[in-house]
Amino acid sequence: MGAKTLYDKLWDSHLVKQREDGTALIYIDRHLLHEVTSPQAFEGLRLANRQPWRLVTNLATPDHNVPTTLTERAAGVKGIDDDIARIQVMTLDENCDSFNITEFEINDARQGIVHVVGPEQGATLPGMTVVCGDSHTATHGAFAALAHGIGTSEVEHVLATQCLIQRKMKNMLVRVDGELGPGVTAKDVVLAIIGKIGTAGGTGHAIEFGGSAIESLSMEGRMTICNMAIEAGARVGLVACDQTTIDYIKGRPFAPQGEHWDLAVNAWQDLKSDDDAQFDTVVELRAEDIEPQVSWGTSPEMVTSVNGQVPDPEKAADETQSKSWLRALEYMGLAANQQITDIRLDKVFIGSCTNSRIEDLRAAAEVIKGRKVADTVKEAIVVPGSGLVKRQAEAEGLDKLFTEAGFQWREPGCSMCLAMNADKLGAGEHCASTSNRNFEGRQGWGGRTHLVSPAMAAAAAIAGHFVDVRHF
Ligand SMILES: CC(C)[C@H](C(=O)O)[C@@H](O)C(=O)O
Ligand code: SF4
């Protein structure tokens with residue numbers, strides 16, 4: 001048999017049936033659920049009088065709508081002010097109760113953003129297929145798992161049959177070799193990749209991230225990179241399984257134990273692309289060339305180095321690009337050729353499934369230690385990715401560092417990443433955000449999002465404008 005990529009191996013080991021029209025039936029090992037994309041799926045099961053096919057594969061948690069202030073959280077689900085949010089979270093509770101699905105409810109310490117919770121619990125394992133009604137399911141590919149988002153009707157399909165109809169994607173390799181400089185993080189790497197290949201660069205492909213710079217990343221860093229594969233147009237991001245992966249998983253609640261652990265570790269050894277595997281597309285970056293990144297526009301590909309400038313639409317490659325840059329500058333309230341370091345911030349958000357894990361909070365805390373949030377910054381919030389991340393951060397005293405500096409320390413959830421709860425930007429406000437999308441209105445109507453790493457967001461909060469965290 002020919003050499004295979006990691007994606008080929010994961011695909012082949014889950015292929016139930018290849019059909020002549022090019023579609024295939026794929027088996028799903030893990031199904032994660034949240035409150036936004038599951039209600040109609042459960043309703044569909046009920047109407048068809050079906051039960052979930054394999055209960056133990058499902059794990060649910062509310063995240064998108066949950067409030068993040070202690071006062072609102074104290075009263076549990078009934079205390080959620082917003083009617084739609086409360087109904088969605090209650091509906092998830094009721095559905096999980098009636099179908100017997102494990103759920104970490106709103107005030108369970110294990111609750112959090114579904115893409116933080118899955119890996120943290122060891123529910124995401126190498127070699128698995130993992131799906132969730134959420135585009136950032138790509139995150140779980142950091143564990144050499146075939147993971148991607150699905151739509152609500154597919155959520156119902158997976159619940160009912162544990163299978164999905166898919167088409168095989170093409171293989172793409174993004175290699176980052178060399179050593180990242182101090183202060184340059186996984187977030188900067190993935191933003192630089194998207195800056196290079198564009199938001200359509202990975203369309204139709206499963207992207208495997210490899211090379212020495214990726215291999216030297218922690219699991220948190222690898223998750224940050226795979227999380228944004230979808231922002232590069234690919235539904236799937238992947239990193240090969242190695243000792244870092246295995247060490248991260250060991251001892252987690254859903255991970256195999258005892259003799260099953262040894263068998264699993266043995267089976268995971270092959271979860272990497274063969275040396276001579278062929279990729280349809282290969283992109284290469286040098287780690288040394290990557291500087292801390294800041295997005296200036298309304299798409300993640302509109303990104304540059306913190307030491308760069310807002311581009312000039314007159315210098316765009318073509319008419320289409322010129323128009324989209326002009327429109328972005330207008331929305332963002334920025335001028336062509338403006339220094340990135342001259343952009344002043346109104347709000348700072350440290351959180352989201354891209355950057356709300358313990359390592360992210362440590363990196364931000366390190367920067368703000370003993371400093372104060374600038375007076376001109378109206379609100380700076382830290383939203384841990386899960387209750388367990390929050391607890392760990394508190395045990396390390398990070399919450400004190402944040403609150404002493406003038407940050408608000410919140411309860412876990414998606415929060416200002418997409419402003420489905422009360423955490424929002426006002427019109428015209430600029431936000432340094434560790435999330436993954438800077439679309440128009442993403443963080444609130446008229447809000448202006450700048451995507452950055454946690455360390456860069458922390459430095460911006462202190463300075464009141466963007467600064468190169470390497471010299472801060
Ligand atoms: C609400 C959900 C369907 C959506 C997604 O799929 O990504 C959200 O998580 C997002 O980040 O925009
Ligand atoms: S944190 Fe943001 S990107 Fe992640 S699942 Fe929630 S809304 Fe989507």
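Start at 1 and go down the list; that is how both ligands and their atoms are numbered. No experiment lies behind these values; they were computed from the predicted model shown.
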Taking atom 2 (C) of ligand 1 as the reference point, the nearest protein heavy atom with its distance: D134 OD2, 3.5 Å

Identity and distance of the protein heavy atom lying nearest atom 3 (C) of ligand 1: T37 CG2, 3.7 Å

Intermediate values then yes/no, side-chain contact (heavy atoms from CB on, under 4.5 Å), D280 and M172: CA-CA 6 Å; D280 299 287; M172 179 165 181; over 6 Å; no

Against heavy atoms of R437, which atoms of ligand 1 measure under 4.0 Å? 7 (O), 10 (C), 11 (O), 12 (O)

Does some non-hydrogen atom of D63 fall short of 4.0 Å from ligand 2? no

Donor-acceptor under 3.5 Å (R30 side chain, V131 main chain): no

For ligand 2, which part of R442 has a heavy atom less than 4.0 Å away: the side chain, the backbone, both, or neither? side chain

Please list, in number order, the atoms of ligand 2 under 4.0 Å from a heavy atom of N436. 3 (S)

Minimum-distance protein heavy atom relative to atom 2 (Fe) of ligand 2: C417 SG, 2.3 Å

Any salt bridge linking R357 with E220? Criterion: basic side-chain nitrogen under 4.0 Å from a carboxylate oxygen. no

For H64, the ligand 1 atoms whose distance to one of its heavy atoms is below 4.0 Å: 1 (C), 2 (C), 8 (C), 9 (O)

Under 4.0 Å, heavy-atom basis, I'd like to know which part of H64 is in contact with ligand 2: side chain, backbone, both or neither. side chain

So the atoms of ligand 2 within less than 4.0 Å of a heavy atom of H136 turn out to be 3 (S), 8 (Fe)

Taking R442 for the side chain and A419 for the main chain, is one N or O donor matched with an acceptor at less than 3.5 Å? no

State if R442 counts as touching ligand 1 under the rule of any non-hydrogen atom under 4.0 Å. yes

Shortest non-hydrogen pair, S352 vs S435, comes out as OG-CA, 3.3 Å

Quick one: do E366 and R362 make a salt bridge, cutoff under 4.0 Å? no

Cation over ring face, R252 and Y248, 6.0 Å, 45°: yes

Donor-acceptor contact below 3.5 Å, side chain H450 vs main chain S295: yes

Charged N to carboxylate O below 4.0 Å: is that the case for D83 and R86? yes

Looking only at protein heavy atoms, which one is nearest to atom 6 (Fe) of ligand 2, and what is the separation? C414 SG, 2.3 Å

Please list, in number order, the atoms of ligand 1 under 4.0 Å from a heavy atom of H136. 7 (O), 11 (O)

Which protein non-hydrogen atom lies closest to atom 6 (O) of ligand 1, naming both residue and atom, and how far is it? S135 N, 2.8 Å

Using a 4.0 Å heavy-atom cut-off, say whether D134 meets ligand 2 through its side chain, its backbone, both or neither. side chain

Taking 2.8 Å as the cut-off, does H115 contribute an N, O or S atom near atom 6 (Fe) of ligand 2, distance below it? no

At what distance is the nearest protein heavy atom to atom 4 (Fe) of ligand 2, and which residue and atom is it? C353 SG, 2.3 Å

Which ligand 2 atoms are under 4.0 Å away from a heavy-atom of L418? 7 (S)

